[in-house]
2 protein chains.
Amino acid sequence: MLGIVQRKVYNFYMQRIKLVLEYNGSKFCGWQRQKNARSVQQEVEKALSKLFGKQITVVGSSRTDAKVHAMAQVAHFDCSQEIPVSKIAVAVNSLLPDDVKVLCAKKVGNDFHARFDVKKKTYRYYLYKGKKNAILNDLVATCDFPLDESAMQQCLKLFVGKHNFKAFCASGAQVKSYEREIYDARLTKKGKYLIFEFTGNGFMQHMVRILVGTCVDVGRGAIPLQQVQAALESGKRALAGKTMQPQGLYLKKIYF
Amino acid sequence: MLGIVQRKVYNFYMQRIKLVLEYNGSKFCGWQRQKNARSVQQEVEKALSKLFGKQITVVGSSRTDAKVHAMAQVAHFDCSQEIPVSKIAVAVNSLLPDDVKVLCAKKVGNDFHARFDVKKKTYRYYLYKGKKNAILNDLVATCDFPLDESAMQQCLKLFVGKHNFKAFCASGAQVKSYEREIYDARLTKKGKYLIFEFTGNGFMQHMVRILVGTCVDVGRGAIPLQQVQAALESGKRALAGKTMQPQGLYLKKIYF
């Protein structure tokens with residue numbers, strides 16, 4: 001009799017769990033749950049709900065778009081303490097499809113919030129220097145024309161700092177302010193790949209893809225650096241470069 | 001009037017075209033056309049039929065399985081001479097989905113046959129030494145236990161030569177003879193990848209995946225080399241190793 005009462009009391013205490021997730025976005029409509037489409041959030045909630053035997057809702061740090069990948073998306077959810085935290089990752093992974101994986105699960109304070117507590121984020125973009133490749137198509141963008149890398153490096157320097165990035169986000173983006181700060185913007189070369197990496201306090205929809213697209217347009221001589229500067233100052237989307245395809249984009253790290 | 005007659009005569013002459021194709025097999029049921037499933041053959045035939053304005057049938061060199069990739073599958077088809085051969089690749093690619101691509105198209109003799117004329121084939125298998133990776137899941141197999149590479153190299157040596165490979169093919173494979181000759185079997189290490197490569201005069205269904213699986217079973221100490229030898233001599237499937245997952249397998253080259 002006492003056992004039942006104790007168990008009930010024990011279950012009553014909820015704990016907040018932080019998940020770090022890796023996923024291949026190619027078969028997803030993005031992170032966020034949508035009707036009649038396969039989202040990462042829905043797959044993770046389905047697996048967690050099955051594991052805990054009740055409806056679980058997760059809150060993600062970033063709403064990655066369709067086809068965008070994550071090396072380390074972060075999410076939180078609340079659950080009872082019936083399943084030891086150390087077992088959650090393995091248990092959820094056994095219920096998740098092959099293109100989503102929990103890298104780690106740990107207990108955090110009840111006031112931790114995966115979206116509101118984000119300090120900065122790092123995104124990576126892979127551009128393969130060569131012809132379109134059918135095998136790698138879901139994982140990288142391709143570019144088979146010559147690029148002036150030194151001009152691209154100069155372009156990246158313009159992005160660093162606190163700016164109004166209105167020209168560099170999807171038109172119709174619902175945001176209170178277009179101001180964001182980019183702490184670091186770099187381009188490294190590895191074999192046939194150009195790897196762009198941006199770290200900032202926040203990124204609006206399509207922002208990284210437009211930053212990279214602008215760099216590429218500068219690199220191929222379609223946009224002069226002054227125009228990039230003018231885009232930052234005027235907020236005119238037409239002055240910035242094209243939106244790169246989502247396939248090359250990876251949410252790399254979230255800092256709290 | 002004469003023009004119409006000439007055009008008809010011109011169309012009457014058929015030519016045989018050899019295609020080299022690259023594809024990502026992850027969203028396909030395999031090469032071969034199947035009812036209610038997406039096959040590479042069907043996608044290529046659909047694109048060619050649209051291009052030439054009539055039903056085109058292609059004959060492929062290899063019937064790759066579901067999820068198996070090709071760096072250079074070969075196929076042939078017959079068509080009228082209305083479209084210059086030099087334009088076929090670009091034209092077909094504009095009609096193909098992103099996960100199939102024609103690398104080249106060239107005119108061959110009318111007696112060329114993509115399946116019957118094959119002299120040898122090379123298959124590659126990518127094994128990632130690490131934990132299962134959600135991002136790379138469609139492109140590589142993973143293995144997170146230690147492997148004795150020297151034992152694996154010895155295992156590969158046993159496969160080279162003319163053997164009865166009955167123990168190394170899918171049970172129920174419909175073949176006249178289980179004899180095949182492997183000219184070369186090698187294992188190279190590149191960063192965190194183990195890359196297996198087999199060149200032979202022919203490979204039965206699942207054969208490369210079972211050859212690699214046997215190597216892995218030898219490498220982790222589950223199967224002694226003598227048992228591999230016994231599998232080759234007896235043809236008993238139970239003596240060979242497991243069938244590796246299709247995702248790591250690539251049809252690399254076909255020799256005529």
Side-chain angles (χ1 to χ4, degrees), chain A residues 19-28 31 38 40 43-44 47 64 66-73 75 89-90 92-104 124-126 128 130-142 144 190-191 193 245-252, chain B residues 19-28 31 38 40 43-44 47 64 66-73 75 89-90 92-104 124-126 128 130-142 144 190-191 193 245-252:
Chain A
L19 296 178
V20 181
L21 295 150
E22 171 184 271
Y23 52 82
N24 179 320
S26 41
K27 291 169 200 153
F28 287 109
W31 165 264
R38 185 176 179 254
V40 183
E43 290 288 356
V44 174
T64 54
K67 294 178 190 293
V68 173
H69 316 291
M71 293 165 171
Q73 165 79 288
V90 171
V92 185
N93 283 334
S94 72
L95 298 167
L96 280 171
D98 286 337
D99 47 2
V100 195
K101 186 181 158 182
V102 173
L103 296 177
C104 78
R124 201 177 247 199
Y125 198 94
Y126 281 92
Y128 177 78
K131 294 205 170 163
K132 220 166 140 60
N133 181 305
I135 295 169
L136 294 175
N137 183 65
D138 286 340
L139 296 180
V140 299
T142 52
D144 65 349
K190 202 172 173 185
Y193 291 93
Q245 60 187 82
Q247 285 93 322
L249 186 58
Y250 293 74
L251 171 56
K252 199 196 160 202
Chain B
L19 295 178
V20 181
L21 295 150
E22 172 183 88
Y23 51 83
N24 179 320
S26 41
K27 292 168 199 153
F28 287 109
W31 165 263
R38 183 174 181 254
V40 183
E43 289 289 355
V44 175
T64 54
K67 294 176 189 294
V68 173
H69 316 291
M71 294 166 170
Q73 164 78 289
V90 172
V92 184
N93 283 335
S94 72
L95 298 167
L96 279 172
D98 286 338
D99 49 0
V100 196
K101 184 180 159 184
V102 173
L103 297 176
C104 78
R124 200 176 249 200
Y125 198 93
Y126 282 91
Y128 177 78
K131 291 202 170 167
K132 221 166 141 62
N133 182 303
I135 295 169
L136 294 174
N137 183 65
D138 285 341
L139 296 180
V140 298
T142 51
D144 65 349
K190 201 173 174 185
Y193 290 94
Q245 60 187 81
Q247 285 93 321
L249 187 58
Y250 293 73
L251 171 55
K252 199 195 159 203

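Throughout, a chain's letter reflects where its sequence line sits, starting with A, and its residues are numbered from 1. What you are looking at is a predicted structure, and each value in this text was computed from that prediction instead of being measured.
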For this session: Would you mind reporting whether A/N93 and B/K131 have side-chain heavy atoms less than 4.5 Å apart?
Result: no
For this session: Of all the heavy-atom pairs spanning A/K132 and B/E22, show the shortest one and how long it is.
Result: O-OE1, 4.2 Å
For this session: Select one option (side chain, backbone, both, neither) describing which atoms of B/D98 are under 4.5 Å from chain A's heavy atoms.
Result: both
Problem set entry | Check against side chain to side chain contact (heavy atoms under 4.5 Å, CB included), A/L139 and B/L136 | CA-CA 9 Å; A/L139 296 180; B/L136 294 174; 3.9 Å; yes
Problem set entry | Within-4.5 Å side-chain heavy-atom neighbours: A/N133 and B/N24 | no
For this session: Over all heavy atoms of both residues, which pair between B/I135 and A/Y23 is shortest? Give the atoms and the distance, please.
Result: CG1-O, 3.4 Å
